[in-house]
There are 2 protein chains.
Amino acid sequence: MPGTLTAKGAATRQRIVEGAAAEIRDRGVLATTLDDVRARTATSKSQLFHYFPGGKEDLLLAVAELEAARVISVQQPHLGDLTSWPAWEAWRERVLDHYREQGRRCPLNVVTSQLGRSTPGAQAVVTELIAIWQGEIATGIRHMQASGEIATDVDPNRSAAALVAGIQGGVLIMLSTGGLGHLEAALGAGIDALRRSRRSR
Amino acid sequence: MPGTLTAKGAATRQRIVEGAAAEIRDRGVLATTLDDVRARTATSKSQLFHYFPGGKEDLLLAVAELEAARVISVQQPHLGDLTSWPAWEAWRERVLDHYREQGRRCPLNVVTSQLGRSTPGAQAVVTELIAIWQGEIATGIRHMQASGEIATDVDPNRSAAALVAGIQGGVLIMLSTGGLGHLEAALGAGIDALRRSRRSR
DNA sequence: CATAAAATGGACCCGCAAGTCCAGATCTTG
DNA sequence: CAAGATCTGGACTTGCGGGTCCATTTTATG
């Protein structure tokens, strides 16, 4: 492991992580070998272990971090600005569009399900991702409560948790069945519940 | 592959599947080798390939079918009898209890995420499981609509889909974080939405 | 420009686990 | 009880893929 990274070194490291992520997206974690990554990124075996001393596990962890960041960033700027019903709709559409075009490949779920429970590092990545996601949604709910669009007896964290769970499940089901129906239903039901909260008191 | 199974043969086959399922529950798919299964079930290599000519994949598929059946049966008889609010509550408790005690191990999600998208067989198992689960819930909703406990403008299939997605996501998150909060929130929010439907019109 | 650290290439090792094979035991059924 | 199927034991092969090693080249820095 290098003490300090050269500019060239940092570039190579990044190339490896991105190449590995792409390979995994294309062919799955199970089917991706270090040799595949090596071939795709035009690097040598020693480079892989130079930048990821822990071997494959290290590399997978770096990929998981990259993909976790992607999951959030692809929802922006909508996710950070849930301040009106049209904004919620825009976010909803964005999420659906993303998974529609991404089709069968949810890189993060794939990666984490591979090393999910095993390594504490990967677990931390997932936990943080969920926390951020849920936090953004909860902030949106509080904002809507402040402007009187959502009833104040709604628990922002709990509702956000339910919504995140629904999205996760919807994506998971899509990965197996190929259908977007469940994701669409979960998003719709979750947002509808918020929207109707005012009227139901 | 045997043309017909002897009584003894059937027993052995079953012993293998159940042993493999237990091993996977204990140590994960990744860490489970055919030798582990062989040791645990007191069988020989040739027996494994005698009953599962397709090798590991065949065996995993059989395990997936077993676990899928378990997922449903553990929710019975409640899942098949969602005809009153107390019944819904009982079902909810059962699901939570099950995953609470099962802790970090969701055998089905583990198995399917391993070969999920790859093999059409495993995909069929998951698709069918989801369909049955969702169908049972939808039936319960229709029953409650008939007795006036749920508003008639609720789409049973869509609501059931959202609920199943929430449960799946909640379980998935529990697998990574260890917390039951999301599952609990998803179940609570989903049922609450149904319960409030009458009042919100 | 000298020197030490970092980066690179690629040959090599090694263990593991899936899968093969066949001899022999056991069962079924006419 | 005989014959053909089914079942079982376990040694063996094989390939793959993660990980090691070291020689060589490139880069930073005084």
Side-chain angles (χ1 to χ4, degrees), chain A residues 1-21 23-24 26-64 110-111 114-115 118-119 121-122, chain B residues 1-21 23-24 26-64 110-111 114-115 118-119 121-122:
Chain A
M1 178 157 48
T4 60
L5 278 183
T6 290
K8 190 181 179 185
T12 301
R13 198 197 124 103
Q14 188 180 350
R15 198 171 80 243
I16 293 174
V17 176
E18 285 173 358
E23 191 73 22
I24 288 173
D26 286 356
R27 325 182 3 142
V29 202
L30 214 149
T32 297
T33 74
L34 291 186
D35 259 8
D36 293 333
V37 175
R38 202 187 48 61
R40 180 166 202 143
T41 59
T43 50
S44 68
K45 214 58 171 300
S46 69
Q47 283 171 288
L48 261 45
F49 284 86
H50 184 61
Y51 296 106
F52 304 95
K56 194 175 193 178
E57 195 169 307
D58 261 18
L59 178 56
L60 285 183
L61 189 59
V63 170
V110 167
V111 170
Q114 175 84 13
L115 42 76
S118 51
T119 78
Chain B
M1 178 157 48
T4 60
L5 279 183
T6 289
K8 190 180 176 186
T12 302
R13 198 196 124 105
Q14 189 180 350
R15 198 172 79 244
I16 293 174
V17 176
E18 285 173 359
E23 190 73 22
I24 288 173
D26 287 355
R27 327 181 2 141
V29 202
L30 214 149
T32 298
T33 74
L34 291 187
D35 260 7
D36 293 333
V37 175
R38 203 187 48 64
R40 179 166 204 144
T41 60
T43 49
S44 67
K45 214 60 171 297
S46 69
Q47 284 171 287
L48 262 45
F49 284 87
H50 184 63
Y51 295 106
F52 304 94
K56 194 173 193 178
E57 195 169 307
D58 261 18
L59 178 56
L60 285 183
L61 189 59
V63 170
V110 167
V111 170
Q114 177 83 11
L115 42 76
S118 51
T119 77

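Letters A, B, ... mirror the listed sequences (proteins, then strands); counts begin at 1. Here the structure is a predicted model, which means the values were calculated and not measured.
In this structure, A:Thr4 does not reach the D:dA28 phosphate: none of its side-chain N or O atoms is under 4.0 Å from OP1 or OP2. Put simply, A:Thr12 has no side-chain N or O that comes within less than 4.0 Å of OP1 or OP2 on C:dA7. Close to C:dT8, at under 4.0 Å from its OP1 or OP2, lies a side-chain N or O of A:Tyr51.
Rounded to a whole Å, the NE2 atom of B:His50 is 14 Å from the C1' atom of C:dG24. Per the geometry, CG belonging to A:Leu30 stands 12 Å off C1' belonging to D:dG17, to the nearest Å. Between A:Lys56 atom NZ and D:dC16 atom P there is a gap of 14 Å when expressed in whole angstrom units. One atom, CZ of B:Phe49, and another, P of D:dG10, lie 17 Å apart when rounded to the nearest Å. Atoms CZ (B:Phe52) and C1' (D:dC7) sit 14 Å apart, rounded to a whole Å. What separates CG of A:Leu5 from P of C:dT8 is a distance of 10 Å, to the nearest Å. Rounded to an integer number of Å, the gap from A:Leu34 CG to C:dG10 C1' is 15 Å. In this structure, A:Ile16 places its CD1 atom 8 Å from P of C:dT8, rounding to the nearest Å.
Side chains of A:Arg13 and A:Phe52 form a contact here, defined as non-hydrogen atoms less than 4.5 Å apart. Under the 4.5 Å side-chain criterion, counting only non-hydrogen atoms from C-beta, B:Lys56 is in contact with B:Leu60. A 4.5 Å side-chain heavy-atom check between B:Leu34 and B:Leu59 finds at least one atom pair inside the cut-off.
Looking at residues two or more places apart in sequence or on another chain, you find a side chain to side chain donor-acceptor pair (under 3.5 Å) between B:Thr41 and B:Thr43. Under the side-chain contact (heavy atoms from CB on, under 4.5 Å) criterion, B:Gln14 pairs with B:Glu18, not counting sequence neighbours. Judged as a side-chain contact (heavy atoms from CB on, under 4.5 Å), and not counting sequence neighbours, the contacts of A:Ser44 are A:Ser46, A:Gln47. Legend: residues meeting side-chain contact (heavy atoms from CB on, under 4.5 Å) with A:Thr33, ordered by chain and number and at least two apart, are A:Asp35, A:Asp36. The side-chain contact (heavy atoms from CB on, under 4.5 Å) test applied to A:Ala21 returns A:Arg25, A:Val63, A:Leu66, A:Glu67, not counting sequence neighbours. Every residue meeting the salt bridge (Lys or Arg N to Asp or Glu O under 4.0 Å) condition with B:Arg40, not counting sequence neighbours, appears here in chain and number order: B:Glu23, B:Asp26.
End-to-end axis angle for the helix from C:dC1-D:dG30 to C:dG30-D:dC1, using five pairs per end and rounding to 10°, comes out at 30°.
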message = Walk me through whether A:Asp58 and A:Tyr51 qualify under side chain to side chain contact (heavy atoms under 4.5 Å, CB included).
response = CA-CA 9 Å; A:Asp58 261 18; A:Tyr51 296 106; over 6 Å; no
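Taking every heavy atom of residues 40-48 of chain A and every atom of DNA chain D, pairs under 4.0 Å involve A:Lys45, A:Ser46, by number.
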Reading 5' to 3' through nucleotides 25-30 of chain C, protein heavy-atom contacts under 4.0 Å coded B for base, S for sugar-phosphate only, - for none = -SSS--
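Annotation: the span from A:Thr119 atom OG1 to A:Leu61 atom CG amounts to 6.0 Å, rounded to 0.5 Å.
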